[in-house]
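Beneath this line is the structure, given in structure tokens, with notes to follow.
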Amino acid sequence: MNGWLIGYVIEYWAKDDTEKTNIRYHRYILPGRSAVDEAKPYLDQLKGRKKRESDDQRVKRQTTASYTVTVSDLPSNIRVLAHVRVLNKNYAGPASNQVEFQTQQGVPGPVTSLNILSIGPNYMKLQWKPPVYSNAIIEGYNLYFAAVVVSSDGKYELGKKQPRIPQISVQQGSSSEVNASLSGLAYGTRYRICVHPRTVQDQEGADNFIERDTKSPKAPGRPDFRVTDITSISFNVTWKPSSSAPGAGFFVKYKREGTNYWDHTSVQTNLNWINITNLEPGSMYEVSVVAYNGELYQTVGLTQSVEILGTRIVPSEAADSVWFYALLSALILVVAGLIAIRVIRKRRLDRYGDPLDREPLSPFTADISKDTEDAFYRSRDVSRSDLTLTNRTPTNSSDTSDEGFSDHADGNHGNKNKDPNWREDIDIDSHHVQDVPKQIPSSYSTFV
């Protein structure tokens with residue numbers, strides 16, 4: 001080397017910085033030496049010497065030592081290139097060979113260029129850029145908001161800090177701008193919004209914040225939209241909010257032509273598009289986008305007609321036929337049941353007659369049909385000949401009908417095996433009572 005060795009300088013920079021615009025330096029001065037003060041004693045010693053050592057011997061003696069240096073201000077999570085230069089009193093020597101290494105992940109720095117794109121009565125739309133020094137693999141951002149309130153003594157204070165749900169996720173390593181919406185805010189209120197980068201280890205970096213006031217409630221402007229990616233069962237709807245009053249959220253309503261019922265999607269607050277699925281192939285649909293500022297403040301966009309690809313299926317023949325045959329079968333069963341009831345009723349009427357057409361039976365005026373009389377005998381399990389009833393015949397010529405009746409009144413029936421309550425004074429053939437007092441009950445009345 002030319003001159004006296006006083007130390008080394010380590011130069012390092014990010015590998016991606018090909019122009020070396022952000023190169024950093026780390027100096028290492030040998031113990032007991034400095035760039036100016038410590039070099040002079042060594043130079044003074046040379047003046048008294050008569051013999052000078054050769055350059056080879058001096059180089060050999062001065063390069064035998066090795067040094068270990070720790071550099072603590074390296075950037076995190078990047079590929080670093082570094083080399084070393086030798087220092088003398090006035091100059092730095094040529095660079096050594098380069099080395100390359102990867103630093104470990106650290107804490108991310110704050111986001112940059114944080115601003116508000118639009119403000120409504122209950123929402124804010126924000127935009128920012130990733131940190132200049134990410135220092136880690138960023139997988140998303142955490143947003144927090146708090147109302148700024150005025151205390152009793154006139155000072156501004158922050159209310160309860162609340163997280164955005166859900167938090168924001170991005171593609172790892174993305175360096176593009178990030179847009180996000182924050183909804184559910186109170187109108188006419190000042191808010192502080194903080195943004196933190198989030199690493200894959202779920203570690204939050206330094207925050208950046210902004211304060212703004214929400215607006216008073218009003219109806220949003222009419223949104224514009226377009227329909228793309230049309231298939232046989234779906235299409236995509238992408239909308240552009242109004243620049244003057246965009247709205248806190250948006251939803252799509254659609255219906256098949258010829259019907260009266262509108263289907264609605266969920267309200268989208270973070271996206272400006274949505275896919276509509278489960279549509280009928282070959283059908284025409286009417287589509288519209290609605291800007292939403294709450295239930296009381298909605299603005300409907302223009303309606304567009306969209307034709308779905310494919311061949312339309314004529315109202316489901318299979319499904320409709322099932323319902324048709326089910327209803328037809330039920331109707332047939334009902335009709336068959338009514339016919340069966342009618343036939344049974346007619347047979348009973350033909351055999352027994354209509355009970356409503358019969359005259360009421362009386363113990364004194366009974367007109368009993370042949371069938372009724374036969375039914376009477378069958379119900380008692382006896383033959384007709386066993387119960388043949390005739391007028392009582394007097395035992396001598398002097399007997400009269402009054403005497404015969406008196407015998408019955410006395411309880412003497414001429415046959416001890418007969419029922420004393422059985423009346424023999426009824427002529428079955430003539431079907432009417434002969435000389436019987438009305439107060440005496442009749443067996444026919446019992447039968448009736």
Side-chain angles (χ1 to χ4, degrees), residues 1-36 38-39 55-114 127-142 167-178 195-208:
M1 62 172 291
N2 298 322
W4 290 95
L5 174 67
I6 63 172
Y8 302 89
V9 60
I10 303 173
E11 299 176 352
Y12 57 93
W13 62 96
K15 183 179 180 180
D16 296 336
D17 186 10
T18 56
E19 300 297 329
K20 298 182 182 180
T21 57
N22 195 27
I23 192 169
R24 300 184 184 182
Y25 304 92
H26 180 85
R27 290 190 177 190
Y28 175 72
I29 304 301
L30 296 175
R33 303 183 187 184
S34 66
V36 178
E38 297 298 332
D55 291 341
D56 293 339
Q57 291 175 337
R58 185 167 62 251
V59 171
K60 182 178 180 180
R61 183 172 63 249
Q62 293 178 355
T63 58
T64 55
S66 61
Y67 302 95
T68 302
V69 179
T70 301
V71 181
S72 57
D73 58 347
L74 293 174
S76 302
N77 192 46
I78 61 172
R79 301 294 298 180
V80 177
L81 297 176
H83 58 227
V84 180
R85 296 179 186 271
V86 178
L87 290 178
N88 61 17
K89 178 181 178 180
N90 298 316
Y91 303 102
S96 67
N97 60 299
Q98 288 185 358
V99 293
E100 180 181 340
F101 54 92
Q102 172 75 34
T103 58
Q104 296 181 354
Q105 295 192 41
V107 178
V111 300
T112 59
S113 303
L114 177 61
Q127 184 183 74
W128 64 86
K129 293 181 180 180
V132 175
Y133 300 104
S134 60
N135 299 333
I137 299 176
I138 296 177
E139 68 165 8
Y141 297 88
N142 292 345
Q167 295 290 13
I168 299 170
S169 297
V170 297
Q171 184 178 0
Q172 293 184 5
S174 174
S175 59
S176 58
E177 291 181 338
V178 181
V195 182
H196 297 258
R198 186 181 68 251
T199 68
V200 293
Q201 285 83 16
D202 201 24
Q203 182 180 14
E204 288 186 350
D207 73 319
N208 194 356

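Computed from a predicted structure; not experimentally measured.
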Original post:
Which residues satisfy the side-chain hydrogen bond (donor to acceptor under 3.5 Å, both in side chains) test with Gln127, sequence neighbours excluded?
Top reply: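 Checked Gln127 against side-chain hydrogen bond (donor to acceptor under 3.5 Å, both in side chains); matches are Glu177, Asn179.
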
Subject >> Residues which pass side-chain hydrogen bond (donor to acceptor under 3.5 Å, both in side chains) with Asn142, listed by chain and number, not counting sequence neighbours >> reply: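 Partners of Asn142 by the side-chain hydrogen bond (donor to acceptor under 3.5 Å, both in side chains) criterion, ordered by chain and then number, come out as Arg198, Glu204.
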
Original post:
Pairs in or reaching into residues 103-113: which pass side chain to side chain donor-acceptor pair (under 3.5 Å), with residues at least two apart or in two chains?
Top reply: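 Of all non-adjacent pairs touching residues 103-113, none passes side chain to side chain donor-acceptor pair (under 3.5 Å).
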
Do [X] and [Y] come within less than 4.5 Å of each other through their side chains, counting heavy atoms only?
| X | Y | value |
| --- | --- | --- |
| Tyr141 | Val178 | yes |
| Val107 | Asn135 | no |
| Tyr67 | Val84 | no |
| Pro131 | Ile138 | yes |
| Trp128 | Asn208 | no |
| Gln102 | Asn77 | yes |

Original post:
Closest heavy-atom contact between Pro197 and Ala206?
Top reply: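 Closest approach of Pro197 to Ala206: CD-O, 3.2 Å.
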
Original post:
Which heavy-atom pair separates Ala95 from Arg85 by the least distance, and what is that distance?
Top reply: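 In this case the closest contact between Ala95 and Arg85 is N-NH1, 3.3 Å.
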
Original post:
Do any pairs count as a salt bridge (charged side-chain N to carboxylate O under 4.0 Å, His left out) and have a residue in residues 90-101, sequence neighbours left out, and if so which ones?
Top reply: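 Checked against salt bridge (charged side-chain N to carboxylate O under 4.0 Å, His left out) - neighbours excluded - the pairs reaching residues 90-101 are Lys15-Glu100, Arg79-Glu100.
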
Original post:
From Arg24 CZ over to Ile10 CD1, what is the distance, rounded to the nearest 0.5 angstrom?
Top reply: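 It is 14.0 Å, given to the nearest 0.5 Å.
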
Subject >> Gap separating the CG atom of Leu87 from the OH atom of Tyr8, nearest 0.5 angstrom >> reply: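 One gets 9.5 Å once the value is rounded to the nearest 0.5 Å.
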
Original post:
How would you list, by chain and number, every residue that makes a ring-ring contact (aromatic ring centres under 6.0 Å, His included) with His196, sequence neighbours excluded?
Top reply: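 Result, ring-ring contact (aromatic ring centres under 6.0 Å, His included) vs His196: Tyr144.
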
Original post:
So which pairs with a foot in residues 75-100 pass ring pair (Phe, Tyr, Trp, His ring centres under 6.0 Å), sequence neighbours left out?
Top reply: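 Pairs touching residues 75-100 that pass the test: Trp13-His83.
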
